[in-house]
Each structure stands twice: as C-alpha cells, then as structure tokens.
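Structure first, commentary second.
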Amino acid sequence: MNHYPQSVLNLIRELSRLPGIGQKTAERLAMHLLQAKASETTALAESITAMKQTVRLCKRCFSLSDGDICRLCRNPQRDDGLLCVVEQPADMASLERSGAFNGLYHILGGVLSPMDGIGPDEIRIDPLVQRVRGGAVAEVVLATSTSVEGESTAAYIRERLRRFPVQVTRIASGVPIGGDLKYVDQVTLKRAMESRRKIDVP
Amino acid sequence: MPPEATTAIVLRRVEYGDYDLIVTLLTPDQGKVSVIAKSAKKSTKRFPGILELFAQLDVVLSRGRRKNGLAVLQEASLTAAYFHIRESILKTAYASYWSEMLNLWLEADQPQPELYDLLAFVLAELDAGHTSPAVLSLLFQLRLMGMAGFRPDLEQCSLCRCDPSCQMESHVYASLRKGGIICCECAHDHLKTWRLSKGSVKQLRWLERGDPARARRLKFSPQTLAEGQAFLEAFVPYHLGREPRSLRFLQHLRRLMASGQR
C-alpha cells in the first residue's frame, strides 16, 4: 500500500471508514475517483460538503431537512390531522415510497430499550405529546417496528396519549403479499388472524 | 462437532453487520450461550420474526473446531412468544431487568437448569398477568440470589444471630454488606438504610422458599412491595458487582408512573 502517494492513501483511509467499505473496496473506489473526470469528483466533493452544511432536523417532525421546516411539513396538500410515528427517517422514506400515507410524520429517533438504557427522555416522545396537545392532530398512527422494543414503545406512547382527544392506531401486521403461509412465523400469523377483515362482495 | 438441539430463551440480541444477529441464549444444559444467526435480519424462512427478546425457542446450534468461537444458529422454532409482555412497557422493563441480570452474571457454557426453569416461570406468569410484575421480580431476585450463593439471610440477625421475631419491635433493618437482616439492637446508624417490617420479612421468606405457582394467590401490601423492592434492587447489584441498565430504566419508569406522567 505504501507505494501510493500520500493523498491517495488519505482518501483510501477516509473511504474505508464508511460502513460496509473495507480496505480493498476503498482502494478500488479511490482508483475510480482518480480516473474520473475532474468535474465528477468536484461535484461529489461539493455535494458532500453542501449536505453537511445544509441538512438539519426539521423542527416539527425531526426528519432530515434542508431548512428549519421540511418539505413534507410545508406541503399544504398533506393531511395535518393525521400523524404517523416512525423510528428513523429511513422508515419515513419507506412509507413515502409506498404512497399509502398522506399525513405528516413524527420521527422518534429510536425506540425505548431498557437493556441499552434508552428511556423516554432519550427519544422524542415529549415533542410528540406537545404536537398532539396542540390540538390539530385527529389520529396518531404508531408505525414503530414489530420487535419487542418497537411494540413496547408503541404501548408506552399509547399510554402517554390516553388523556388527549385523539385516535391512536397501530399499523397492522400480517402475511406479506406473495408470501408463503408455511414460512410465516406464529406471531405474525396470530396478528394476521386477529386483524382479519370481511371480504366485500362487489 | 455434530449440531446440538436444545430449548432456549433469548436474553439479548445485538445486530452484527448488515444482516447478522448475535443472540445470547439461556439454555438448561449449556447455560448462557452466544450464537451468531447468519442473515437473520433478512431471513424470511429460517428465522422469521422469532429471534425476539424473551422468546422461548427450540434451537439447533453447531460449534466450530475453535473452542471459544461463536456457535452458529442453524434452526430455531418458537415455543412461546409471550405476546403480552411486549404490549406493556412496564412488563418489558421487568423482563429486560431479569434477562440482563442473567446475562451479566452468568458464566458461558455452565449448565443452569434451575435458572432456566425460574426464568421460564416468571416470563410465563408475567405474560399471563396472573401475578403482579413487582411480586414476580421479588421472587426472581430472591431465588436468583439463592442460586448464586448470595441468599439474603432473612431468618436471623446477621450480626448477633438472634431471632428478631422474638423482639418487641415491629421492624428490622437490612444490610447489603452483612448480607441479610439486622435486629434493632445491633443496628447502628450506618446500618439503618433499609427498614423492613417483620410482615415484609415473612412474605419475602415465603417468596424465597414457597411454591412459586401459589404466589399469584398471595396478597402483598404496598408496603411489603415497596420495602422488598428497595432492598432487593440495591442488594442484587451490590452482590453481582454490576448495575443493570434496565434496572435504572425500570426505576425511572416507576417514578414516571407514580407521578402520573406516563
């Protein structure tokens, strides 16, 4: 490795700090960047710098934003009476890709985890309660994960919101589309059976 | 080595890389075992949603030639999911406290059939909701301490060996360092941290030795629960030498609930 110039070694070292990038991949990426056009590498460097300088958390929903309030929270087409609570910005992105939700979001930034010492003060539950207390929200959809921590966080939020005149719902768990029933776990099957619905005859 | 089949309870799970999980299991025959579940996070057939905390499983493990290497989880099927624990943050906090205590205290690969039965019992009772979580926690802590060789002496004064039930006072004190109760005559100021009524001591003794299945029928006064909780939640970390993070979480949660903020 020492036969590379110092600037290339620096780039390989920085790239190999990225998740999932080992020394060899970092070396390959560095070689690719070395051979790329100057305009491409400049664009890459500028976009990284710009991202670090401009991206912050939305003051309302805590998703990633270029300004104080994110694009979704500013959009008048979104239903501001409907609030979906998710763990991370990536969960919000998944829901947005599905196109199934037209309300606003609240990003918790994690879930309650007793063994990791993550309590109610470590995630954004108080700001959620304040948003609901504001009165504009009619329904809160709890879309935390279906792990033990995600479920118990949903149960905790439900308790915290009990005293407000707001409907609290939980996303359904069930058999995945195209899934094979014999490979579905008992917990999911139980939930799917509990949430079965009537088939409407056209 | 040939694969080994056993029953197990999940004590802890930690993400490893993008797809794998490292799962710590409590088994009756091998005690605490850490296993790697390869591709578990994207698995839809081998481990679909079953490697969850507190789940009781039938598992098949295989070990490599290296004695200290992680075992590999080959198969797992769910025998008890304990649905209702995850539906309550308080129940989750208690179950986390018990699991973390075992994870911190147990040596790997030492058979623990009694501890396995004890954990399976308290998790099943917690899930069923027949017995209060606070009572189950007292029972678990007392019996765990007994099995660990740190059983608190609730029979006689740890200093003068007298029987406190023969004394006039309605209470005794408890000492972490002395490992049990202290009569009022021996208790100096620095030993008066934990005050226990004689009624509380009697009920704690029962929880330690009585038939656990009958615990649900017993009535525990709020005073007994508060005294026992305060004493044991200091006694256990003192003797195990570590304070579980979930204990701090649990105590914070109880304070929130008491203040009506929950």
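Lettering follows sequence order; numbering is per chain, from 1.
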Determine the option with the most heavy-atom pairs under 4.5 angstrom with chain B, choosing from [options].
options: A:S147, A:G20, A:P176; result: A:S147
options: A:V184, A:L112, A:D185; result: A:D185
options: A:I125, A:V129, A:D116, A:T188; result: A:D116

Heavy-atom closest pair, residues [X] and [Y]:
X: A:E149; Y: B:L53; result: OE2-CD1, 3.4 Å
X: A:V148; Y: B:E52; result: N-OE1, 2.8 Å
X: B:S99; Y: A:M115; result: CB-CE, 3.7 Å

Side-chain touch [X]/[Y], heavy atoms, less than 4.5 angstrom:
X: B:L250; Y: A:P114; result: no
X: A:I118; Y: B:F249; result: no
X: A:S113; Y: B:R245; result: no

> Side chain, backbone, both or neither: which part of B:L51 has a non-hydrogen atom closer than 4.5 Å to chain A?
Replying inline: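 Interface part for B:L51: neither.
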> Side chain, backbone, both or neither: which part of B:F54 has a non-hydrogen atom closer than 4.5 Å to chain A?
Replying inline: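 Just the side chain, heavy atoms under 4.5 Å.
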Do other residues, nucleotides or ligands put more than 12 heavy atoms under 6.0 Å from the [atom1] atom of [X]?
X: B:E107; atom1: CD; value: no
X: A:R71; atom1: CZ; value: no
X: A:R74; atom1: CZ; value: yes
X: A:F101; atom1: CZ; value: yes
X: B:K41; atom1: NZ; value: yes
X: A:E139; atom1: CD; value: yes
X: B:F83; atom1: CZ; value: yes

> Is chain B contacted by the side chain of A:R158, its backbone, both, or neither, given a heavy-atom distance below 4.5 Å?
Replying inline: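 Only the side chain of A:R158 comes within 4.5 Å of chain B.
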> For A:K190, is it the side chain, the backbone, both or neither that has a heavy atom under 4.5 Å from a heavy atom of chain B?
Replying inline: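 Only the side chain of A:K190 comes within 4.5 Å of chain B.
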> For chain A, which residues of residues 124-134 of chain B have at least one non-hydrogen atom nearer than 4.5 Å to it?
Replying inline: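 Within residues 124-134 of chain B, near chain A: nothing under 4.5 Å.
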>> Counting heavy-atom pairs closer than 4.5 Å to chain A, which one of B:T92, B:L78, B:L247 comes out on top?
In response: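 Ranked by heavy-atom pairs under 4.5 Å with chain A, first place is B:L78.
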Enumerate donor-acceptor pairs with a distance under 3.5 Å from any side-chain N or O in residues 33-41 of chain A to protein atoms, sequence neighbours excluded.
unit_1: A:T41; atom_1: OG1; unit_2: A:A38; atom_2: O; d: 2.9

> Between A:R191 and B:E87, is there a side-chain N and carboxylate O pair less than 4.0 Å apart?
Replying inline: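 Salt bridge present between A:R191 and B:E87.
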>> If you apply the rule side-chain contact (heavy atoms from CB on, under 4.5 Å), what do you find for A:T153 with B:I89, and how did you get there?
In response: CA-CA 7 Å; A:T153 303; B:I89 187 67; 5.5 Å; no
>> What verdict does the side-chain contact (heavy atoms from CB on, under 4.5 Å) test give for B:L253 and A:Y156, after you've listed the backbone C-alpha separation in whole Å, the side-chain angles of each residue and the deciding distance to 0.1 Å?
In response: CA-CA 10 Å; B:L253 188 67; A:Y156 178 79; 3.8 Å; yes
